[in-house]
Every structure is written in structure tokens, then in C-alpha cells.
Amino acid sequence: MADIGTEQRSKAQAVASRLWNSRWLVAAGIVAVLAVYVFAAGYVVLLACAALLIAAAMLPAGVARQSAEDAAAIEASGLQHLSGEYLAAAVADPLIIFDRTATIVHANAAAFAAFGGIAPGMSLSLKFRAPEMQALLDSILSGAAASDVVDYTEKLPVERAYRVSASSVGHGTDLYVLVFKDQSEARRIDRMRADFIANASHELRTPLASISGFIETLRGPARNDPAAREQFLQIMQNQTGRMARLIDDLLSLSRLEMKPYLKPGTEVDLRQTLDSVIDSLGPLARENGVAIERDFEEGPLDVPGDRDELFQVFENLLENACKYGQSGGRVVVTIAHSDDGPEPGIDVTIRDFGPGIPEEHIPRITERFYRVDVENSRTQKGTGLGLSIVKHILTRHNARLSIKSEVGKGAAFSVHLPAH
């Protein structure tokens with residue numbers, strides 16, 4: 001009841017203040033109306049207009065001042081009704097308020113979800129025992145710093161990396177706040193970038209070292225040996241081709257990451273696209289002694305997407321099947337409508353009957369530079385990026401890739417594309 005009365009008095013004061021600041025305009029209006037009724041003459045109307053203009057000229061400063069005063073009053077009134085609990089709840093990151101004894105006063109829902117087992121009255125020093133957190137608390141509570149930041153890693157239940165900032169709350173409140181900014185995803189991306197650069201450098205360094213060694217040999221012991229020179233030049237050509245393929249795949253990945261969205265409204269005929277892929281890889285299949293069999297469903301097989309990118313997906317998958325499933329002697333390409341899963345679509349499956357893929361490798365097979373058999377992959381002129389490119393393209397098409405394999409019985413790569 002007391003709050004309601006206070007709010008009503010505040011509103012009444014605001015209305016009275018507005019009327020007072022507009023007093024000249026109100027007075028001029030009253031004078032004009034009375035003058036018209038008393039004198040009913042034309043010059044009176046001119047007098048009234050003049051009075052209104054004078055009042056209007058005096059009004060802006062008062063109105064501007066009143067607007068500022070009203071805004072300040074509204075802000076003060078609104079903040080009076082906000083508690084620290086409400087403000088902490090509005091912060092998406094874990095936030096803990098504590099006092100001068102490093103005792104928890106309040107923690108928001110994000111802090112409970114992140115750390116669990118914390119409650120008002122608990123000691124922060126006992127909850128966060130890491131040396132960096134102890135040093136942060138000591139720095140803030142001793143007054144050595146008004147605010148400070150450290151990096152902290154929470155080990156359980158899962159490892160999370162945080163950038164923790166601590167500062168005092170206001171002046172003379174004897175309250176302090178900890179805010180935990182989750183850096184786990186940024187750290188993961190940094191690690192991936194570092195691993196990618198290291199792997200790419202390694203993949204390029206190996207053929208470069210080979211080329212450099214053969215150049216030294218050709219300039220030295222094999223200078224006058226035509227047979228050795230021809231052999232070494234052929235090896236050097238193969239190595240430069242390998243580097244060119246790697247650079248092409250790196251550029252493909254870069255282009256895909258730079259354009260994450262597809263233009264709407266484009267349709268791709270999967271039957272025509274797969275026919276083109278099979279025709280283009282016919283020479284490779286014959287070279288490896290592999291027969292490519294078609295099993296296409298009747299009727300239209302159209303999906304939204306980019307034809308060139310889907311061509312690249314199926315070309316990579318079919319090329320892998322011809323190379324690594326060579327011992328099976330055949331590859332079956334299937335296109336069929338699928339009603340399984342959350343949305344209907346079309347499945348394209350490329351199945352080989354080669355040695356298959358051990359189960360432990362399947363979850364990581366689409367990672368950049370990941371190889372099941374390093375030597376065999378390099379022998380087959382693989383760069384280790386083909387399936388990563390496939391994964392990126394399918395993500396752009398809102399599609400998914402599933403892999404099934406049994407050692408000794410081959411592998412099946414299935415692409416599920418949404419129909420609309």
C-alpha cells in the first residue's frame with residue numbers, strides 16, 4: 001500500500017510540474033478566449049495570436065528542461081524498484097555477488113547451472129580453489145585493484161574455459177561481483193585453426209622436401225644419368241601435382257566458409273547430376289577395375305540446392321569409392337525418396353564393397369586431414385580434405401551425411417537432402 005501511495009504522489013508531482021512549465025502557453029490561451037468573447041473584434045484575434053507566439057517562444061527551454069527532468073524522474077523511479085537479484089538474473093553469463101569476507105551473497109541461474117552446489121553463505125575461497133581465482137579474490141578484497149580479470153578453467157562436470165572479471169559494486173556497499181565469460185568455443189576454434197595450419201604446413205612440407213632432394217640429386221650425382229633424371233622428374237611432377245590438389249582443396253574450403261548461405265529458388269535434378277558425375281569418373285573406374293551400377297528411382301528427383309556444389313559432393317564420394325573400394329570390383333549408386341526422419345527428402349547412397357572402415361574411425365572421418373590409412377591415402381593421391389568439403393557443402397544445403405561400414409564388407413555413404 002505504501003508503494004502505491006508513493007507512486008501516485010510521484011505521478012501527481014510530475015503532472016503539476018508539467019503544468020507549471022507550460023504556464024505561459026496556458027495563460028495565453030485563456031487571454032485569447034476571453035478577449036474574443038468580450039470584444040469580438042478582429043484586432044483582438046491578432047492580439048491573441050501575438051500572445052501565443054510569445055508564449056511559444058518562451059516554451060522550448062522550459063519543455064526541454066522538463067523533458068530532461070521527467071526522464072530523470074522516470075529513470076530514478078524505475079531503478080528504485082529494481083533489486084540486485086533482478087539485475088543479476090538479466091545477465092546471461094554466470095554471475096556471483098559476494099561480500100568482503102568472500103562469502104556468496106547471491107548467484108544467478110546461469111551460475112547455478114554452470115557450477116552447481118553453490119548457495120548464499122558459501123565461501124568463494126572454498127568453492128574456487130584454483131590459484132588464479134584465489135589471487136583474483138585477494139586482489140579485489142584487499143583494495144589493490146578496483147577490478148581485475150583472470151583466465152580460469154572449470155574441470156567438472158565438463159571442462160569449460162572462462163574469462164573471469166571481478167569488481168566492486170558501487171561505492172561503500174562492501175559488495176563485489178564475479179562475472180564468468182565462457183571462452184570454451186573460442187578456445188576450441190583457436191585450437192582447430194592451429195591444428196589446421198600445422199596439418200596444412202606438414203602436408204605441403206613433405207612434397208617440397210622431396211622435390212628439393214631430387215633437385216640436389218639432379219644437380220649432383222645424377223647430372224649425367226638420363227635414366228635417373230627421367231625417373232626423378234616424374235616423381236617431382238607427381239609431388240607438384242599433389243601440392244596443387246592440396247591448394248585447390250584449401251581454396252575450396254575457404255570459398256565455402258566465405259559464403260555460408262544458398263540463394264533460394266534454385267532446383268537441382270539429382271538424376272542428371274549423378275549421371276554427369278558417373279560419366280566424368282568413368283575413366284578412373286575403368287583404370288581401377290571398378291564397375292559403377294545405377295539404381296535410380298523413377299519419377300522426378302529434384303531438390304533445392306546448387307548444382308556445382310552437389311556435383312562436387314557426389315564426385316568426392318564416388319571417387320573415394322572407386323579408389324578405396326577397388327578390391328570390391330563394383331560401386332552401387334542409389335537415389336530414392338525417403339520419408340524417414342523429421343522431414344521427407346531424397347537419399348543418395350554410394351556403396352562400395354571394399355575393405356570397409358573400422359568403426360572407431362567413422363566419427364572422425366570428416367575432420368580435416370584425418371586419414372584412416374595414411375599411406376594408402378597418399379598413394380591414392382588424397383589430400384585429406386575431400387570429406388571436409390563434403391560436410392561443409394551439405395551443411396549449406398541443410399543436408400546430412402551418414403556413414404555405415406563393416407570391415408571386410410565395404411562402406412556406404414548416404415546423403416539425405418530435404419525435398420523442399
Side-chain angles (χ1 to χ4, degrees), residues 1-14 17 67-191:
M1 293 297 291
D3 289 343
I4 294 174
T6 301
E7 186 175 354
Q8 289 176 344
R9 284 195 299 273
S10 176
K11 290 180 178 178
Q13 290 173 356
S17 179
S67 298
E69 292 174 356
D70 288 348
I74 291 170
E75 181 182 5
S77 175
L79 290 175
Q80 286 173 358
H81 295 288
L82 285 177
S83 68
E85 182 179 351
Y86 294 151
L87 292 172
V91 177
D93 299 315
L95 181 148
I96 298 174
I97 300 173
F98 60 100
D99 62 16
R100 183 166 289 280
T101 63
T103 300
I104 296 175
V105 175
H106 177 73
N108 65 0
F112 281 106
F115 306 116
I118 58 175
M122 179 181 291
S123 171
L124 274 177
S125 301
L126 295 178
K127 176 62 180 176
F128 299 102
R129 298 175 180 270
E132 60 270 23
M133 290 296 291
Q134 297 290 328
L136 176 66
L137 294 174
D138 291 344
S139 172
I140 294 297
L141 294 176
S142 66
S147 62
D148 204 354
V149 178
V150 298
D151 290 325
Y152 166 69
T153 301
E154 180 76 5
K155 300 295 184 181
L156 298 172
V158 293
E159 184 170 323
R160 309 291 295 180
Y162 293 98
R163 175 64 59 86
V164 186
S165 60
S167 60
S168 58
V169 179
H171 299 284
T173 62
D174 284 340
L175 291 177
Y176 306 86
V177 63
L178 283 177
V179 180
F180 296 76
K181 191 71 176 178
D182 196 338
Q183 303 288 307
S184 303
E185 183 65 15
R187 299 279 180 86
R188 186 184 69 83
I189 292 172
D190 286 342
R191 285 195 297 268

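Reckoned from all heavy atoms, side chains included, excluding hydrogens, waters and symmetry mates.
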Participant: Apply side chain to side chain contact (heavy atoms under 4.5 Å, CB included) to Ser147 and list each qualifying residue two or more places apart in sequence or on a separate chain.
Facilitator: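 Applying side chain to side chain contact (heavy atoms under 4.5 Å, CB included) to Ser147 gives Ser167.
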Participant: Do the side chains of Ile96 and Phe180 get nearer than 4.5 Å, heavy atoms only?
Facilitator: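 Yes - at least one pair of side-chain heavy atoms lies under 4.5 Å apart.
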Participant: Are Phe112 and Ile118 packed together at the side-chain level, in the sense that at least one heavy-atom pair is separated by less than 4.5 angstrom?
Facilitator: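 The answer is yes, as the side chains (C-beta and beyond) meet within the 4.5 Å cut-off.
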Participant: Is there a side-chain contact between Leu141 and Phe98, using heavy atoms and a 4.5 Å cut-off?
Facilitator: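 When only atoms from C-beta onward are counted, Phe98 and Leu141 do touch, with a gap below 4.5 Å.
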Participant: Measure the spacing between CD of Glu132 and CG of Leu137 and express it to the nearest 0.5 Å.
Facilitator: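 Reported value, rounded in 0.5 Å steps: 11.0 Å.
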Participant: Checking Ser139 side chain against Ala135 main chain: does a donor-acceptor pair fall under 3.5 Å?
Facilitator: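 No; zero donor-acceptor contacts below 3.5 Å.
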Participant: When rounded to the nearest 0.5 angstrom, what is the spacing between NZ in Lys127 and CE in Met122?
Facilitator: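 Between Lys127 NZ and Met122 CE, I get 6.5 Å after rounding to 0.5 Å.
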Participant: Salt bridge check: are Arg187 and Asp151 linked by an N-O gap of less than 4.0 Å?
Facilitator: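 Salt bridge: yes.
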Participant: Got Leu178 and Met133 here, is their nearest side-chain heavy-atom distance under 4.5 Å?
Facilitator: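 Side chain of Leu178 against side chain of Met133, heavy atoms only: contact under 4.5 Å found.
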Participant: Please round to the nearest 0.5 Å and tell me the distance separating atom CD1 of Ile97 and atom OG1 of Thr103.
Facilitator: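 Spacing of CD1 (Ile97) from OG1 (Thr103) equals 14.0 Å.
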Participant: Less than 4.5 Å apart, side chain to side chain, heavy atoms only: is that true for Leu95 and Asp93?
Facilitator: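 No, every pair of side-chain atoms sits at 4.5 Å or beyond.
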Participant: For a side chain to side chain contact (heavy atoms under 4.5 Å, CB included) check, start with the C-alpha distance between Asp182 and Arg160, then their side-chain angles and the critical distance, and finish with the verdict.
Facilitator: CA-CA 7 Å; Asp182 196 338; Arg160 309 291 295 180; 2.5 Å; yes
Participant: Checking side-chain contact (heavy atoms from CB on, under 4.5 Å) against Leu136, which of Leu124, Asp148, Val149 comes through?
Facilitator: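 The side-chain contact (heavy atoms from CB on, under 4.5 Å) with Leu136 is passed solely by Asp148 among Leu124, Asp148, Val149.
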Participant: Are Asp99 and Leu175 side-chain neighbours, meaning at least one heavy-atom pair lies under 4.5 Å?
Facilitator: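 Yes. Closest side-chain heavy atoms under 4.5 Å.
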Participant: Verify whether one side chain among Arg100 and Tyr176 offers a donor that lies under 3.5 Å from an acceptor in the other.
Facilitator: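 Their side chains do contain a donor-acceptor pair, which is all the 3.5 Å distance test asks for.
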Participant: Are Gln134 and Ser125 packed together at the side-chain level, in the sense that at least one heavy-atom pair is separated by less than 4.5 angstrom?
Facilitator: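 SC-SC contact between Gln134 and Ser125 confirmed.
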Participant: Are Phe128 and Tyr162, when compared by the centres of their aromatic rings, separated by less than 6.0 Å?
Facilitator: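 Centroid distance Phe128-Tyr162: not below 6.0 Å, so no.
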